[in-house]
A.B. asks: 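Structure below; questions to follow.
Counting starts at 1 for both ligands and their atoms, following the listed order. What you see below is based on every heavy atom in this structure, not just the backbone, and it leaves out hydrogens, waters and symmetry mates.
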Amino acid sequence: MQVFTLYQGSSTAPLSRMQKACNFVRIQQAATLLGQGDLVAFPTETVYGLGANAFSDEAVARIFAAKGRPSDNPLIVHIGEKEDLRRVAISWPATVDALINRFWPGPLTLVLPRRPDISPLVSAGLTTVAVRMPDHPVALDLLRACGLPLAAPSANRSGRISPTRPEHVLEDFENLQGMLLAAGPCRVGVESTVLDLSGPQAAILRPGAVTREMLSPYLANLREEIPAEGEQLSLHSPGTRYNHYAPKAPLYLYLGPREDVLQRMIRDADMWQRTHRKVAVLLSEPVFDSSIAEMVLDMADLKPAGTALELSDEERLRRIAANLFAALRNSDAEKAGIILVQGVPSEGLGEAIMNRLRRAAREVFDLST
Ligand code: AMP
Ligand code: MG
């Protein structure tokens, strides 16, 4: 992959005119490639996406081939303006106007009836299409520069963990023909909420940073769709059948009262170490007797540990979501033989975090029962 690293501004250090001009030139080059049917990996606020012209069967087929993605797992189409929704979907219920006014640009994907000129490959043969407007300046500039809706699944090989840093994209796609626009870590870190509005009753097909609690005022009757563990998975969202997000090492997830969970994790880490396996211990809070395991990682990335006291639960969950996939990839990179993870309460953003962890887990130990 050809890597173009973009300048990143912040509220305290905005980009200079020179830096903006450099970014503009690079984004124009990426847009030209997309217009020719090539692949471009780009950052969004959720994860890095691997984008292609959503109108072109050939370009979309390249995504499936590059990822090794089963052709029955549909892709999300990204748009650069709210008005572009009409280029992707044929019709939508009245609630959509309120939803996109409130949540777009942002991590909310809507499943709606598909326009026929969007490649049917995008939808894996379904009559519906998933669409969202991402909240990232590079993604928006790219979408506007190429003037095309872009089909863009997460930029990882199928079955691997979604990339939240440019180096994750390269881990999976070093040798791919295409371009990577590199612009640092993704702010949200878990994939978008997928909301199905194509039927008579709305349903969350995948939890994300736009939470059930945030959506419920806009939706009178929300169907329960996220399958519980071991339950028959829905036909409505084919992708949910696949076990995404799995690191290479087996992952064990611990739930329940804090003290019980920590005690059990220490005991198990000790046991695994005695079998000479390197253990990665990922905690959702900054307390642990680190003499026990050589690789203890606080997923909320709290340094120094003392700052934990000043962090609201909401802020802690945001940090865990932003660091989660990097922590799992790091555990693999550090050659951990076993990954032990402390769960979080499944509320608000915690629902999205736990959804990803449950799918990644070899086994879940629920100590609350
Ligand atoms: P990814 O692109 O890897 O973030 O995955 C896209 C997710 O959106 C998958 O879980 C798909 O099942 C879901 N999705 C995409 N298109 C549709 C659709 N038309 N109907 C239902 N779910 C969809
Ligand atoms: Mg994916």
Side-chain angles (χ1 to χ4, degrees), residues 39 41-52 54 60 62-64 66-79 85 88-92 107-116 118-132 134 136 139 149-164 168-169 171-173 186 188-199 201-210 223 225-227 233-247 321 324-325 328-329 352 355-356 358-360:
L39 301 180
F42 61 94
T44 77
E45 80 280 31
T46 59
V47 302
Y48 274 75
L50 185 64
V60 173
R62 281 204 184 116
I63 296 180
F64 282 94
K67 282 183 60 94
R69 183 165 170 123
S71 60
D72 63 350
N73 189 1
L75 311 178
I76 293 173
V77 175
H78 294 69
I79 54 178
L85 180 57
V88 179
I90 272 191
S91 61
W92 47 88
L108 176 65
T109 295
L110 304 176
V111 175
L112 297 168
R114 175 171 56 87
R115 274 190 77 96
I118 293 290
S119 167
L121 297 181
V122 165
S123 303
L126 299 170
T127 56
T128 55
V129 64
V131 55
R132 85 177 185 103
H136 192 291
L150 296 178
S154 50
N156 52 280
R157 298 266 316 157
S158 191
R160 297 231 47 211
I161 298 156
S162 292
T164 53
H168 299 165
V169 179
E171 269 171 34
D172 284 16
F173 290 124
C186 301
V188 174
V190 290
E191 306 88 342
S192 60
T193 306
V194 178
L195 179 66
D196 182 7
L197 294 173
S198 65
Q201 208 184 0
I204 296 175
L205 303 182
R206 176 174 76 186
V210 173
R223 197 168 83 232
E225 187 74 12
I226 301 162
L233 294 169
S234 168
L235 290 176
H236 286 102
S237 191
T240 54
R241 263 189 285 120
Y242 299 101
N243 189 26
H244 293 127
Y245 320 113
L324 179 65
F325 292 158
L328 297 180
R329 279 187 182 254
N355 169 271
R356 307 316 188 265
R358 280 184 184 279
R359 282 153 161 264

A.B. asks: May I ask you to identify, for L205, whether its side chain, its backbone, both or neither come under 4.0 Å of ligand 1 on a heavy-atom basis?
C.D. replies: side chain

A.B. asks: Can you confirm whether L126 sits close enough to R114 that some side-chain heavy atom of one is under 4.5 Å from a side-chain heavy atom of the other?
C.D. replies: no

A.B. asks: Would you say N156 has an N, O or S atom lying under 2.8 Å from the Mg ion (ligand 2)?
C.D. replies: no

A.B. asks: State whether a side-chain donor-acceptor pair under 3.5 Å links R206 with T109.
C.D. replies: no

A.B. asks: Could you check which of T128, D196, V122 puts a non-hydrogen atom nearest to atom 18 (C) of ligand 1?
C.D. replies: T128

A.B. asks: Looking at S154, which atoms of ligand 1 are within less than 4.0 Å of one of its heavy atoms?
C.D. replies: 2 (O), 3 (O)

A.B. asks: Can you tell which part of H78 has a heavy atom less than 4.0 Å from ligand 1: side chain, backbone, both or neither?
C.D. replies: neither

A.B. asks: Compare every heavy atom of V169 with every heavy atom of Y48, then report the nearest pair and how far apart it is.
C.D. replies: CB-CG2, 3.6 Å

A.B. asks: What's the shortest heavy-atom distance between T46 and T164, and which atoms?
C.D. replies: O-CG2, 4.1 Å

A.B. asks: At less than 4.0 angstrom from any non-hydrogen atom of R206, what atoms of ligand 1 do you find?
C.D. replies: 1 (P), 4 (O), 5 (O), 6 (C), 7 (C)

A.B. asks: Considering distance alone, does some N or O of E191 sit under 3.5 Å from an N or O of ligand 1?
C.D. replies: no

A.B. asks: Is the closest side-chain heavy-atom distance between V88 and I79 below 4.5 Å?
C.D. replies: yes

A.B. asks: Mark the output for R114 as yes if a heavy-atom distance to ligand 1 is under 4.0 Å, and as no if none is.
C.D. replies: no

A.B. asks: Quick one: look at S123 and ligand 1, take heavy-atom pairs under 4.0 Å, and tell me if it's side chain, backbone, both or neither.
C.D. replies: neither

A.B. asks: What is the minimum heavy-atom distance between A202 and L195, and which atoms define it?
C.D. replies: CB-CD1, 4.4 Å

A.B. asks: Of all the atoms in ligand 1, which lie at a distance below 4.0 Å from a heavy atom belonging to L75?
C.D. replies: 15 (C), 16 (N)

A.B. asks: What closest approach, in Å, do P74 and R69 show between heavy atoms, and which atom pair accounts for it?
C.D. replies: O-NH2, 2.8 Å

A.B. asks: If only side-chain N and O atoms count, and only distance matters, is there a donor-acceptor pair under 3.5 Å linking T44 with R132?
C.D. replies: yes

A.B. asks: Under a 4.0 angstrom heavy-atom cut-off, which atoms of ligand 1 come close to N73?
C.D. replies: 9 (C), 11 (C), 12 (O)

A.B. asks: Find all atoms of ligand 1 within a distance of less than 4.0 Å from any non-hydrogen atom belonging to L126, and give their numbers and elements.
C.D. replies: 18 (C), 19 (N), 20 (N)

